[in-house]
Amino acid sequence: MSVESRQQRHDAAAHPLASGSFPLSPIVAGAWRMAEWGWTPQQRLRWIEQAVELGVTSFDHADIYGDYAVEGLFGEALALRPALRDKLQLVDKCGIKLVSLRRPAHRIKSYDTSRAHIVASVEGSLRALRTDRLDLLLIHRPDAIMDAAEVAETFATLRQQGKVLHFGVSNFMPWQFELLDAAMSALGEQLVTNQIELHPLHLEPLHDGTLDQAQRLARRPMIWSPLAGGRLMAAPPADDAARRVQEVLRGLAEAHGVAPATIAIAWLLRHPARPVPVAGSRRSEALREAVAALGVTLDRESWYALWQAGRGHEVP
Ligand SMILES: NC(=O)c1ccc[n+]([C@@H]2O[C@H](COP(=O)([O-])OP(=O)(O)OC[C@H]3O[C@@H](n4cnc5c(N)ncnc54)[C@H](OP(=O)(O)O)[C@@H]3O)[C@@H](O)[C@H]2O)c1
């Protein structure tokens with residue numbers, strides 16, 4: 001099945017609240033590791049362009065990536081071809097404060113979801129990315145002393161100002177999502193996503209209510225580290241669980257005539273909450289393998305074979 005027909009099928013099947021409203025491409029490119037790549041602005045631009053050519057038009061950022069440097073590296077590349085901006089969706093995160101030479105006021109690592117911090121972070125992100133708007137802003141991690149009403153009001157103001165178009169969270173448990181979503185809904189808004197870690201070596205969201213909530217509310221989860229940060233591909237495998245998962249991935253890859261990484265992404269896409277994987281590679285070939293998963297549907301036993309390999313035992 002082509003990328004387009006799979007997407008159309010997905011759109012047709014969407015919950016009415018979500019239909020047509022999810023603002024990202026079905027695979028997102030993650031910029032977390034960009035500072036490690038040591039690239040020129042031209043090489044960074046090429047990475048963005050190659051993703052767009054593959055239909056990956058959404059890019060995932062956080063203020064803290066690369067010790068507060070990645071947004072600036074991306075913005076510098078985008079400035080080489082500013083017309084590209086309107087073809088992209090920029091996802092950004094805020095709410096973590098790192099101890100860093102670039103943030104001398106931070107004395108310890110902490111979380112901050114106050115109005116003042118969110119607004120300052122968004123202003124900094126817009127400047128660094130050299131854009132006038134973020135397509136989606138996420139609270140990066142749950143803040144134990146988050147005032148949900150204050151966050152919701154801050155989000156509503158940022159939307160009215162046109163600085164941020166959509167809002168979500170990351171690494172939230174279902175009750176934390178519910179708390180902020182209720183405050184948003186009092187203002188006629190809603191969270192569009194919870195960005196979470198999910199892969200056969202990290203199965204918790206399947207069983208702790210996170211994905212049940214995503215499915216019930218029709219809020220498509222974004223999936224970070226879809227290849228377990230590379231552990232699903234690393235040779236030799238780091239441990240027994242990785243070895244078992246890699247063996248099953250290889251078998252299914254051979255059966256489907258695709259790459260093992262494609263199977264790993266197809267395993268995520270099989271979930272009815274309609275996850276949106278955030279791929280982390282610097283290589284366009286790896287992004288191509290991720291996009292190919294949109295044309296692969298795993299049968300139930302194949303899906304459970306990867307669950308079993310990750311968990312180390314069959315289902316009860
Ligand atoms: N919300 C959060 O808390 C949170 C946390 C972590 C990450 N994230 C987001 O999620 C994105 C993805 O995370 P991630 O980088 O850990 O994702 P990932 O796709 O699980 O891992 C990417 C890593 O795997 C390596 N890799 C090895 N073989 C590969 C293959 N065949 N195909 C693809 N990659 C392969 C890549 O190296 P090469 O580049 O050499 O291919 C890269 O270092 C990040 O960029 C960030 O935007 C969010």
Side-chain angles (χ1 to χ4, degrees), residues 24-25 27-39 43-44 46-48 50-51 54 56 58-66 69-71 73-74 88-96 98 109 111 125 129 134-143 168-173 176-177 191 193-202 204-205 210 221-238 242 245-246 249-250 253 258-269 275-293 310:
L24 308 182
S25 53
I27 305 287
V28 172
W32 175 31
R33 300 172 189 273
M34 184 176 260
E36 300 162 20
W37 301 340
W39 282 350
Q43 287 173 307
R44 281 175 249 139
R46 195 63 207 121
W47 180 77
I48 299 168
Q50 283 175 335
L54 290 167
V56 178
S58 304
F59 293 84
D60 187 68
H61 286 272
D63 54 348
I64 59 170
Y65 284 173
V70 164
E71 292 172 321
L73 295 174
F74 191 98
L88 311 184
Q89 300 81 43
L90 300 181
V91 183
D92 217 323
K93 311 185 198 77
C94 67
I96 300 179
L98 296 182
K109 183 177 180 186
Y111 299 148
S125 295
L129 289 166
L134 301 176
D135 295 273
L136 173 60
L137 176 70
L138 312 179
I139 299 293
H140 204 151
R141 286 196 173 267
D143 164 17
V169 293
S170 183
N171 304 302
F172 272 41
M173 295 305 290
Q176 296 164 329
F177 187 98
L191 297 172
T193 193
N194 186 8
Q195 185 179 122
I196 55 166
E197 181 182 13
L198 178 67
H199 46 75
L201 300 175
H202 184 83
E204 282 76 1
T210 301
M222 296 174 73
I223 307 299
W224 61 263
S225 290
L227 304 178
R231 275 186 294 147
L232 297 191
M233 303 293 129
V245 172
Q246 288 190 11
L249 285 175
R250 272 197 301 274
V258 297
T262 301
I263 298 294
I265 302 294
W267 183 84
L268 297 169
L269 297 176
V276 178
V278 185
S281 177
R282 80 190 78 188
R283 295 172 299 109
S284 65
E285 183 51 33
L287 210 49
R288 193 169 289 113
E289 289 173 0
V291 169

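Predicted model, so just to flag it, every value in this text is computed and none were measured. Side-chain atoms are counted along with the backbone in the values below, which use heavy atoms only and exclude waters and symmetry mates. Counting from 1, the numbers follow the sequence of the chain as shown. We count ligands from 1, going down the list as the structure has it; atoms in each ligand are counted the same way.
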Can you list the atoms of ligand 1 that are under 4.0 Å from a heavy atom of [X]?
X	value
Tyr65	4 (C), 8 (N), 9 (C), 46 (C), 47 (O), 48 (C)
Ala31	45 (O), 47 (O)
Pro226	17 (O), 18 (P), 19 (O), 20 (O)
Ala228	20 (O)
Ala286	32 (N), 33 (C)

Among all residues two or more places apart in sequence or in another chain, which pass the ring pair (Phe, Tyr, Trp, His ring centres under 6.0 Å) test with Phe172? none
Would you say [X] has any N or O atom under 3.5 Å from an N or O of ligand 1, going by distance alone?
X	value
Lys93	no
Gly280	yes
Gly229	yes

Considering only heavy atoms, does Asn171 approach ligand 1 within less than 4.0 Å through its side chain, its backbone, both, or neither?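 The part of Asn171 near ligand 1 is the side chain, not the backbone.
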For ligand 1, does Ser225 get within less than 4.0 Å through its side chain, its backbone, both, or neither, judged by non-hydrogen atoms?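 Both of them.
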What protein heavy atom sits nearest [atom], and how far away is it?
atom	value
atom 39 (O) of ligand 1	Arg282 N, 2.9 Å
atom 9 (C) of ligand 1	Asp60 OD2, 3.5 Å
atom 1 (N) of ligand 1	Ser170 OG, 2.8 Å
atom 34 (N) of ligand 1	Leu227 CD1, 3.6 Å
atom 28 (N) of ligand 1	Met233 CB, 3.4 Å
atom 44 (C) of ligand 1	Trp32 CB, 3.4 Å
atom 24 (O) of ligand 1	Gly230 CA, 3.2 Å
atom 6 (C) of ligand 1	Trp224 CE3, 3.2 Å

With a 6.0 Å cut-off on ring centres, are Trp47 and Trp37 close enough?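 Yes; Trp37 has its ring centre under 6.0 Å from that of Trp47.
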Taking C-beta and beyond as the side chain, do Asp135 and Phe59 meet within less than 4.5 Å on heavy atoms? no
Are side-chain heavy atoms of Ile223 and Ile196 found at a separation under 4.5 Å? yes
Tell me every residue that passes salt bridge (Lys or Arg N to Asp or Glu O under 4.0 Å) with Asp143, counting only those two or more places apart in sequence or in another chain.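 Per chain and number, Asp143 pairs via salt bridge (Lys or Arg N to Asp or Glu O under 4.0 Å) with no residue.
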May I ask whether atom 37 (O) of ligand 1 is less than 4.0 Å from at least one protein heavy atom? no
Residue pair Ser225 / Glu197, side-chain donor-acceptor N/O under 3.5 Å: no
Nearest candidate to atom 31 (N) of ligand 1, where distance is taken over non-hydrogen atoms, out of Arg283, His140, Arg33: Arg283
For ligand 1, is there an atom lying under 4.0 Å from some heavy atom of His61?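 Flag not set, His61 not near ligand 1.
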